[in-house]
Visitor: 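I'd like to ask some things about the structure below.
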Amino acid sequence: MKSIRMTLVAATALCGATAAYATDLEVTHWWTSGGEAAAVAEFAKAFDATGNKWVDGAIAGSGGTARPIMISRITGGDPMGATQFNHGRQAEELVEAGLMRDLSDIAEKNHWKDLVSPSSLLDSCTLDGKIYCVPVNIHSQQWLWLNNAVFTDNGMEVPTNWDEYAAAAPKLKEAGVVPLALGQQPWQTTLAFQVLLVALAGPEAYTQVFGGHDAEVAASPELAKVFQAAATAREMSQDSNIQNWNDATNMVITGKAAGQIMGDWAQGEFQVANQVAGKDYTCLPGLGVNEVIQTGGDAFYFPAVDDAEITEAQGTLAEVMMSAETQVAFNLKKGSLPVRGDVDLNAANDCMRKGLDILAKGNIIQSPDQLMSADSLTQVNDLFVEFFNTPSMTAEDAQARFVSLIEDAE
Ligand code: GAL
């Protein structure tokens, strides 16, 4: 398949088309929601401007669905030109198997070590001293999104933290509003839990559990309070029967639900709906309790291929994704923060400004994808999707099972 496309481009080049060696490069990712599609289009536009062609390989269903497909294509000898993964350890085995391209030459030529901030983002791309991905954004999962009118229309103040929000739930239900919108894909339930953990037990306990795999902390009374809060969140979300995270965000945008615990990619949806941060919706970092930014997010990896044109086009794409202009254009639409500390984000909205301020203060934690192996995280996801869908499972039962998962985690 690939070689046919190559010849065509060469043929086109011969008849005077733009770049002599313009190359079609298939890029796979899981960005299919309204806001995600608007953002990824900025990458496509910038890459096409180099004379090459972005061949979009979007896979619906979020990372949990897309990643196994991407991995099996690469291990099955049908690699794409470039692919999205989250910062961290998701591509670890592919890199160890020698299937991914070493980008150290590109990184050095473009001074990524000086540009990328915090440096932990580039560390997440580095294995045995070599760089295997281009980080493209900082996405923090530590956010609560609230529809202002849902509260004020029902005679309530917009909550400023988790306790006020949970206390408002009974009155919201009476008013026919779902207090908490929560999509049922497993990763979303773990996301809600770990955001509660950071807010209520603190960033240190979170890092000890997800990073240090500390079963004692996982079994502690502090964590028991977090599991109680998770049981409250389960009750608050029992009427939000949707799968996709952006459908949950849409419930908040339309006022069917009062709030959602979700990463700041939700911003892209508010933007596409022309809603204004601070006016139509409120964003509370760390549930308004512990204001931290999680340095999770997205990076692009490039399968190692024995093809000079594709290899050259991969290098061009990596450079385009790190360029100052593209970083601003992409991240403003994506709702994430740029990986470069030297770009001007004048157009950033209230929520992005809050994120930038927290980042500048250095209140950062790593994401579960950076702290835990993909296999261990999948088991944690399975536990929490079961917990959020089984009202008979007590907080104590869930905590006991979580402790044994953490004991065996890698
Ligand atoms: C995350 C990704 C985000 C966002 C989200 C929902 O893994 O880092 O960019 O798109 O999935 O699909």
Side-chain angles (χ1 to χ4, degrees), residues 27-44 56-71 82-91 120-121 124-125 133-143 145 181-192 194-195 210 242-253 260-272 283 293-301 321 326-327 329-339 351-352 355 365-372 374 377-378 380-381:
V27 185
T28 52
H29 58 87
W30 58 86
W31 289 330
T32 54
S33 78
E36 292 171 332
V40 74
E42 292 296 334
F43 280 151
D56 199 76
I59 301 169
S62 275
T65 307
R67 284 191 296 275
I69 297 169
M70 295 160 171
I71 291 169
T83 189
Q84 174 195 8
F85 282 107
N86 291 119
H87 294 323
R89 303 175 56 186
Q90 290 171 354
S120 62
L121 297 172
S124 288
C125 287
C133 67
V134 50
V136 294
N137 62 6
I138 299 170
H139 255 319
S140 176
Q141 301 178 8
Q142 304 296 319
W143 293 90
W145 310 92
L182 179 70
Q184 291 309 313
Q185 289 163 335
W187 66 273
Q188 294 180 56
T189 58
T190 298
L191 187 150
Q194 54 97 358
V195 173
F210 276 83
I242 28 110
Q243 280 297 315
N244 298 323
W245 69 271
N246 49 308
D247 295 333
T249 311
N250 201 46
M251 286 177 74
V252 179
I253 288 170
Q260 180 189 24
I261 299 174
M262 186 43 67
D264 45 19
W265 45 86
Q267 288 242 70
E269 307 313 300
F270 287 103
Q271 270 180 51
V272 170
C283 51
I293 283 287
Q294 207 167 36
T295 55
D298 305 288
F300 279 80
Y301 290 75
M321 286 177 158
T326 314
Q327 273 286 302
F330 166 76
N331 281 293
L332 282 178
K333 292 210 172 143
K334 191 71 174 67
S336 42
L337 304 178
V339 298
C351 299
M352 286 178 86
I365 54 176
Q366 293 205 297
S367 71
D369 298 305
Q370 291 170 301
L371 294 171
M372 213 177 241
L377 210 42
T378 301
V380 171
N381 288 348

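Only a predicted model underlies this, so the values are computations on that prediction, with no experimental measurement involved. Just follow the structure's listing: the first ligand is 1, and inside any ligand the first atom is 1. Residues: numbered from 1 along the sequence shown.
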Visitor: Can a non-hydrogen atom of S62 be found less than 4.0 Å from any atom of ligand 1?
Guide: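 Contact check S62 vs ligand 1: positive.
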Visitor: Tell me which part of N86 gets within contact of ligand 1: side chain, backbone, both or neither, using heavy atoms under 4.0 Å.
Guide: side chain
Visitor: Return the residue, atom name and 0.1 Å-rounded distance of the protein heavy atom closest to atom 11 (O) of ligand 1.
Guide: W30 NE1, 3.2 Å
Visitor: Can you tell me how the ring of W245 sits relative to the ring of W265, calling it parallel under 30°, perpendicular over 60° and tilted otherwise?
Guide: perpendicular
Visitor: By number and element, which atoms of ligand 1 are closer than 4.0 Å to a non-hydrogen atom of K334?
Guide: 3 (C), 4 (C), 9 (O), 10 (O)
Visitor: Quick one: CD on Q267 to NE2 on H139, what's the gap to the nearest 0.5 Å?
Guide: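 Reported to 0.5 Å precision, the distance equals 9.5 Å.
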Visitor: Could you list the atoms of ligand 1 found under 4.0 angstrom from a heavy atom of W245?
Guide: 6 (C), 12 (O)
Visitor: Give the numbers and elements of all ligand 1 atoms closer than 4.0 Å to a heavy atom of H139.
Guide: 3 (C), 9 (O)
Visitor: What's the spacing between T249 OG1 and Q260 CD if we round to 0.5 Å?
Guide: 3.5 Å
Visitor: Who's the nearest protein heavy-atom neighbour of atom 12 (O) of ligand 1, and how far?
Guide: E36 OE2, 2.8 Å
Visitor: Atoms of ligand 1 less than 4.0 Å from D298 heavy atoms?
Guide: 2 (C), 3 (C), 8 (O), 9 (O)
Visitor: Picking from K333, Q327, K334, what satisfies side chain to side chain donor-acceptor pair (under 3.5 Å) with E42?
Guide: K333
Visitor: Can you tell me how the ring of F330 sits relative to the ring of W31, calling it parallel under 30°, perpendicular over 60° and tilted otherwise?
Guide: tilted
Visitor: Could you tell me the separation between the CG atom of L377 and the CD atom of Q90, rounded to the nearest 0.5 Å?
Guide: 8.0 Å
